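Report on the following structure.
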Number of protein chains: 2
Amino acid sequence: MDTLQLDLVLAAMAHPSRRRMLDLVSSMPGMSVTAVASHFDVSRIAVMKHLRILETAGLITSRKKGRVRHLFFNPIPIQLVYDRWTTQYAGFWAGRMADLKTRIEGRAGTEELKSA
Amino acid sequence: MDTLQLDLVLAAMAHPSRRRMLDLVSSMPGMSVTAVASHFDVSRIAVMKHLRILETAGLITSRKKGRVRHLFFNPIPIQLVYDRWTTQYAGFWAGRMADLKTRIEGRAGTEELKSA
DNA sequence: ACAACATGTAACCCCAAGGTTACATATCAG
DNA sequence: CTGATATGTAACCTTGGGGTTACATGTTGT
C-alpha cells in the first residue's frame with residue numbers, strides 16, 4: 001500500500017461522521033445515499049461529499065440501480081492500514097503482548113542515543 | 001475507548017508528517033524535539049505543534065531532562081483503535097485479522113514479520 | 001558570567017475542509 | 001404525461017489546520 005493510498009484512507013477515517021457512515025453502510029449493505037443522510041443533521045450534499053471521500057479512499061463502493069445509488073462497505077483498505085501498522089511497529093507490539101518488562105529492559109540502553 | 005480519544009488518535013495519524021514523526025521516535029527512543037525537526041523542511045515550531053497533537057492523542061510521551069525534551073513512542077492507542085475496528089467489523093474480517101494477530105503474538109523475531 | 005542552545009509562547013497568515021443554498025438531471029409511481 | 005423522488009453539479013461562505021516570524025525562558029558549556 002503506497003503512502004498516497006494510506007493517506008486517503010486515514011484522512012477519510014479521521015472524521016467522526018464518516019466513521020459513523022461506515023458503521024451504517026456496513027450494518028445495512030446496499031443502503032441509499034438518502035437513507036444515510038437521514039441519520040445526520042447536516043445536508044444531503046454534505047453527506048454526499050463525505051461518501052465521495054470514503055469512496056475515493058476505497059472504503060465504500062457503490063452501484064447505481066435506476067435513480068438509486070447503493071452503497072457497500074469495503075474493509076480491505078482498513079486491513080491494509082493495520083497490517084502495515086502492526087508490521088511497522090512489530091517490535092513494540094510483540095513486546096507489549098509478550099512481556100512489557102522484558103521489552104523495557106531490553107531497550108533501556110537505546111534511550112541514551114545521541115541526537116546529534 | 002471513547003469516541004473523543006478515537007478521534008484524537010485518528011486525526012493525529014491522518015497527517016503524513018506526523019506518521020513520519022512516529023516512525024522517527026519509535027526508531028530512536030528518547031530523541032529530542034530539535035532532532036526530530038532536523039528531519040523536516042518545516043520550522044521547528046510547526047514540528048512542535050505536530051508533536052503536541054501526537055502527545056495529546058497519547059501516541060508519544062515525553063519527559064524533560066534539563067533543557068531537552070525526550071520523546072517516546074507509545075503504541076497503546078493504535079492497539080485500542082485496532083481493537084475497536086476488529087470487533088465492530090468482525091463479520092467482514094473472517095480469519096484475516098486473527099491470522100495477523102497470531103503472527104504478531106507468536107513472533108520469533110521482527111524479520112519474519114517484515115517479510116509478511 | 002555569559003554566550004550558545006533547546007524549548008515554549010504569542011500573534012498572525014493562508015487555504016482547504018466542511019458546510020450551505022440554488023439549480024439540474026434522471027427515474028419511478030400514479 | 002406528470003409530479004414526486006434520488007442523485008448530481010455549481011457557486012459560495014466560514015472555520016480551523018498548518019504554516020510562519022518574533023520574542024521569552026530556562027539550561028548547558030566554557
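As the structure is a prediction and not an experimental result, all values here were calculated from the model. All chains are named by letter (A, B, ...) in the order of the sequence lines, taking the proteins before the strands, and each is independently numbered beginning at 1.
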### Query
What residues form a side chain to side chain contact (heavy atoms under 4.5 Å, CB included) with A:Ser27, not counting sequence neighbours?
none
### Query
Does OP1 or OP2 of C:dG19 have a side-chain N or O of A:His50 closer than 4.0 Å?
yes
### Query
For residues 55-80 of chain A, which residue pairs qualify under salt bridge (charged side-chain N to carboxylate O under 4.0 Å, His left out), counting only residues two or more places apart or in two chains?
A:Glu55-A:Arg69
### Message
If I take atom CG in residue B:Leu71 and atom P in nucleotide C:dA6, what distance separates them, rounded to the nearest angstrom?
### Response
14 Å
### Message
Taking side chain to side chain contact (heavy atoms under 4.5 Å, CB included) as the definition, give me every residue that meets it alongside B:Ile53, ordered by chain and number, with sequence neighbours left out.
### Response
B:Ala12, B:Arg18
### Task
Specify the residues of residues 6-25 of chain A, ordered by number, for which at least one heavy atom lies under 4.0 angstrom from an atom of DNA chain D.
none
### By side chain to side chain contact (heavy atoms under 4.5 Å, CB included) - contacts of A:Leu6 (at least two apart)
A:Met1, A:Leu10, A:Val81, A:Arg84, A:Trp85, B:Arg19
### Query
Between the two ends of the helix from C:dA1-D:dT30 to C:dG30-D:dC1, what is the bend in degrees, rounded to 10 degrees, where each end axis spans five pairs?
30°
List, with names and distances, any nitrogen or oxygen atoms from the protein found under 3.5 Å away from nitrogen or oxygen atoms belonging to nucleotides 7-10 of chain C.
residue: C:dT7; atom: OP1; partner: B:Val33; partner atom: N; Å: 3.0
residue: C:dT7; atom: OP1; partner: B:Arg69; partner atom: N; Å: 3.3
residue: C:dT7; atom: OP2; partner: B:Thr34; partner atom: N; Å: 2.6
residue: C:dT7; atom: OP2; partner: B:Thr34; partner atom: OG1; Å: 2.1
residue: C:dT7; atom: O4; partner: B:Arg44; partner atom: NH2; Å: 3.4
residue: C:dG8; atom: OP2; partner: B:Arg69; partner atom: NH1; Å: 3.0
residue: C:dG8; atom: N7; partner: B:Arg44; partner atom: NH1; Å: 3.2
residue: C:dG8; atom: O6; partner: B:Arg44; partner atom: NH2; Å: 3.0
residue: C:dT9; atom: OP2; partner: B:Arg52; partner atom: NH2; Å: 3.3

### Summary
Between A:Gly66 and A:Ile53, whichever has its closest DNA chain C nucleotide further toward 5' is A:Ile53
### Message
If I take atom OG1 from residue A:Thr56 and atom CG from residue A:Leu51, how far apart are they, to the nearest 0.5 angstrom?
### Response
10.5 Å
### Query
In Å, rounded to the nearest 0.5 Å, how long is the span from CG of A:Asn74 to CG of A:Leu54?
11.5 Å
Show me the donor-acceptor pairs within less than 3.5 Å that the side chains of residues 29-39 of chain A make with the rest of the protein, sequence neighbours left out.
residue: A:Ser32; atom: OG; partner: A:Ala35; partner atom: N; Å: 3.1
residue: A:Ser38; atom: OG; partner: A:Ala35; partner atom: O; Å: 2.6
residue: A:His39; atom: ND1; partner: A:Ala35; partner atom: O; Å: 2.9

### Task
Find the distance between CZ (B:Phe40) and OG (B:Ser17) and round it off to the nearest 0.5 Å.
5.5 Å
### Pairs touching residues 28-53 of chain A that satisfy salt bridge (charged side-chain N to carboxylate O under 4.0 Å, His left out), sequence neighbours left out
none
### Query
CD1 of A:Ile60 versus P of D:dT7: gap in Å, rounded?
13 Å
### Query
What pairs meet the ring-ring contact (aromatic ring centres under 6.0 Å, His included) rule with one or both residues in residues 3-23 of chain B, with sequence neighbours excluded?
B:His15-B:His50
